[in-house]
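I have placed the structure first, in the form of structure tokens, so that the comments after it can refer back to it.
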2 protein chains.
Amino acid sequence: MSAALPRRTQAERSDAMRQRLLAATLESLAEDGYAGSTLSSIVRRAGVSRGAQVHHYPNKQALMLDAADDLLRSSYRTLGAVLLSVADEDNRLEMLVQATWERLFATPLYRAYTELLVASQRDAVLAEALRGMLLRVSKVFEPAVEHYFMPAPGTRENLKALFLQFACLLGGLASQAHLLNDTAHVAAQLKLWTRQAKLVMHARKGVRTPPPRPVEWDRPAGI
Amino acid sequence: MSAALPRRTQAERSDAMRQRLLAATLESLAEDGYAGSTLSSIVRRAGVSRGAQVHHYPNKQALMLDAADDLLRSSYRTLGAVLLSVADEDNRLEMLVQATWERLFATPLYRAYTELLVASQRDAVLAEALRGMLLRVSKVFEPAVEHYFMPAPGTRENLKALFLQFACLLGGLASQAHLLNDTAHVAAQLKLWTRQAKLVMHARKGVRTPPPRPVEWDRPAGI
DNA sequence: TATGATACAGTCTGGACTGTATGTAAATGT
DNA sequence: ACATTTACATACAGTCCAGACTGTATCATA
């Protein structure tokens with residue numbers, strides 16, 4: 001009976017299908033890795049046919065590029081939520097560090113990102129895409145940092161460089177976390193960086209409003 | 001004529017063949033990635049036949065495990081050379097940081113390690129092998145750190161944690177270096193960490209002898 | 001030097017994957 | 001209502017890979 005299929009419009013059908021495919025792709029990247037994410041396994045995971053995928057994405061690279069875009073977009077939104085969540089906190093830096101780790105780096109989505117990142121070492125198109133997306137993310141993240149924090153008086157620390165260090169540290173930590181049999185190492189590392197950062201920066205007093213951010217990134221998908 | 005083949009012993013033949021296969025495997029890992037390193041491509045790169053590989057390694061995983069062992073062993077030796085090279089330097093920390101980056105992390109060998117690391121997320125055997133090897137490396141590196149450096153007076157910094165941070169930072173940096181179009185970022189990050197580390201530690205005065213290290217790791221190959 | 005063991009070479013096959021080609025249903029425009 | 005476009009489904013073709021298999025050369029030993 002067509003009660004379960006209440007006559008969707010073409011755009012709705014396409015969007016829903018693309019969504020399912022992208023979600024399945026990111027899941028598959030996190031679980032099975034880049035090479036293990038075959039088109040067959042992805043459509044199986046998404047519960048759709050092979051034809052649906054080939055209709056929306058002519059080849060594997062197109063699907064991966066769109067998945068990367070979706071991933072970065074989603075991460076941006078999470079980052080935004082994290083930044084909002086620390087807006088009125090007192091120990092803002094600790095909260096930011098912890099939340100960034102828990103909600104961004106210690107997630108399946110970051111594992112998917114790792115796969116794309118490693119694959120981008122041999123795929124120039126993917127590399128260029130990731131470069132552009134990261135640039136857009138940082139273009140919004142860095143003002144947010146300046147919005148919330150300032151160099152400690154007497155220091156002239158480059159906050160951008162400090163947070164790039166933070167990102168690299170968390171990335172390296174996440175990549176090797178499964179080899180460190182003691183999970184306390186991670187907590188210790190987060191504490192360590194927080195302590196170091198506090199030496200050269202602190203939260204701006206009285207700032208409780210979220211930083212500005214471009215609205216177009218809040219839309220779930222599509223340009 | 002057998003002039004070109006001066007009657008090698010069996011062990012010599014085997015060792016030479018394994019060496020060629022391992023070198024080709026690590027090359028292939030760095031260039032073509034884990035999934036791209038097929039047995040066919042590896043033996044082609046090594047210039048040997050398919051039968052040679054299957055004789056020495058019953059399956060792909062065995063080859064990869066031995067390659068990982070060879071990689072870690074080689075990295076250990078490089079690390080040892082780096083530590084020796086900074087033995088009588090005045091600005092020891094800067095030298096150590098720079099040399100570790102240039103000779104360890106900014107090399108094809110580290111790219112091969114990255115591939116193995118990512119693959120180990122889905123290969124429990126490989127993960128366990130890497131874990132054990134890393135443990136052995138750190139068991140030697142950490143005493144060397146204590147040998148060369150000490151916490152700055154007044155601080156009670158954990159040098160082990162600090163160098164784990166260093167390793168994670170360099171790892172993350174190396175993984176994303178190809179996306180940072182400005183190579184100055186890397187140099188800035190190395191400087192930044194050096195500056196931070198100097199706040200809490202410094203080189204031991206008068207120490208010019210290399211740290212102790214187990215001899216068995218100096219042998220080029222084999223257990 | 002005869003015999004067995006080891007090292008190496010080349011081929012075959014079943015399976016899996018990507019891209020393509022063709023067929024059907026649903027939605028849209030007129 | 002009907003033609004056309006869009007969305008999806010299924011079948012197929014060509015390629016590639018890992019492991020198995022068979023054959024040959026080289027070495028060790030007695």
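Residue numbering restarts at 1 for every chain, and letters A, B, ... go by the order of the sequence lines. The model shown is predicted, which means the values in this text are computed figures rather than measured ones.
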Whole-Å distance between [N] [atom2] and [X] [atom1]?
X	N	atom1	atom2	value
Asp15(B)	dC8(C)	CG	P	10 Å
Gln53(A)	dC17(C)	CD	C1'	12 Å
Arg44(A)	dC17(C)	CZ	C1'	11 Å
Tyr57(A)	dC17(C)	OH	C1'	20 Å
Leu39(B)	dT13(C)	CG	P	20 Å
Asp32(A)	dA16(C)	CG	P	15 Å
His56(A)	dT6(D)	NE2	P	12 Å
Met17(A)	dA25(C)	CE	P	16 Å

Checking contacts here: which listed nucleotide ([options]) is nearest the side-chain heavy atoms of [X]?
X	options	answer
Val54(A)	dC8(C), dT20(C), dC8(D)	dT20(C)
Ala52(B)	dC8(D), dT18(C), dA9(C)	dA9(C)
Asn59(B)	dT18(C), dC8(D), dG19(D)	dG19(D)
His55(A)	dA7(C), dT10(D), dT6(D)	dT6(D)
Val48(A)	dA9(D), dA7(C), dA7(D)	dA9(D)
Ser40(B)	dC8(D), dG10(C), dA18(D)	dA18(D)

Exercise for the section: May I ask you to check if Lys139(B) and Tyr76(B) form a cation-pi contact, with NZ or CZ under 6.0 angstrom from the six-membered ring centre and within 45° of the axis? Expected result: no

Completion exercise
Of Ala35(A) and Gly51(A), the one whose nearest nucleotide on DNA chain C sits closer to the 5' end is Ala35(A)

Fill in the blank from the handout: The answer to which of Pro58(A) and Ser41(A) contacts DNA chain C further toward the 5' end, by nearest nucleotide, is Ser41(A)

Handout entry: Beyond-backbone contact of Leu39(A) with Arg50(A), side-chain heavy atoms, under 4.5 angstrom
Key = yes

Exercise for the section: Would you mind reporting whether Gln98(A) and Glu102(A) have side-chain heavy atoms less than 4.5 Å apart? Expected result: yes

Problem - Sugar-phosphate, base or nothing in reach of Thr38(B), heavy atoms under 4.0 Å - result: sugar-phosphate

Exercise for the section: Could you tell me whether Arg50(B) contacts a base, only the sugar-phosphate backbone, or nothing, with contacts defined as non-hydrogen atoms closer than 4.0 Å? Expected result: base

Practice task
Tell me yes or no: between the side chains of Gln196(B) and Gln165(B), is some donor less than 3.5 Å from an acceptor?
Solution key: no

Exercise for the section: Just say parallel, tilted or perpendicular for the rings of Tyr110(A) and Tyr113(A), cut-offs at 30° and 60°. Expected result: tilted

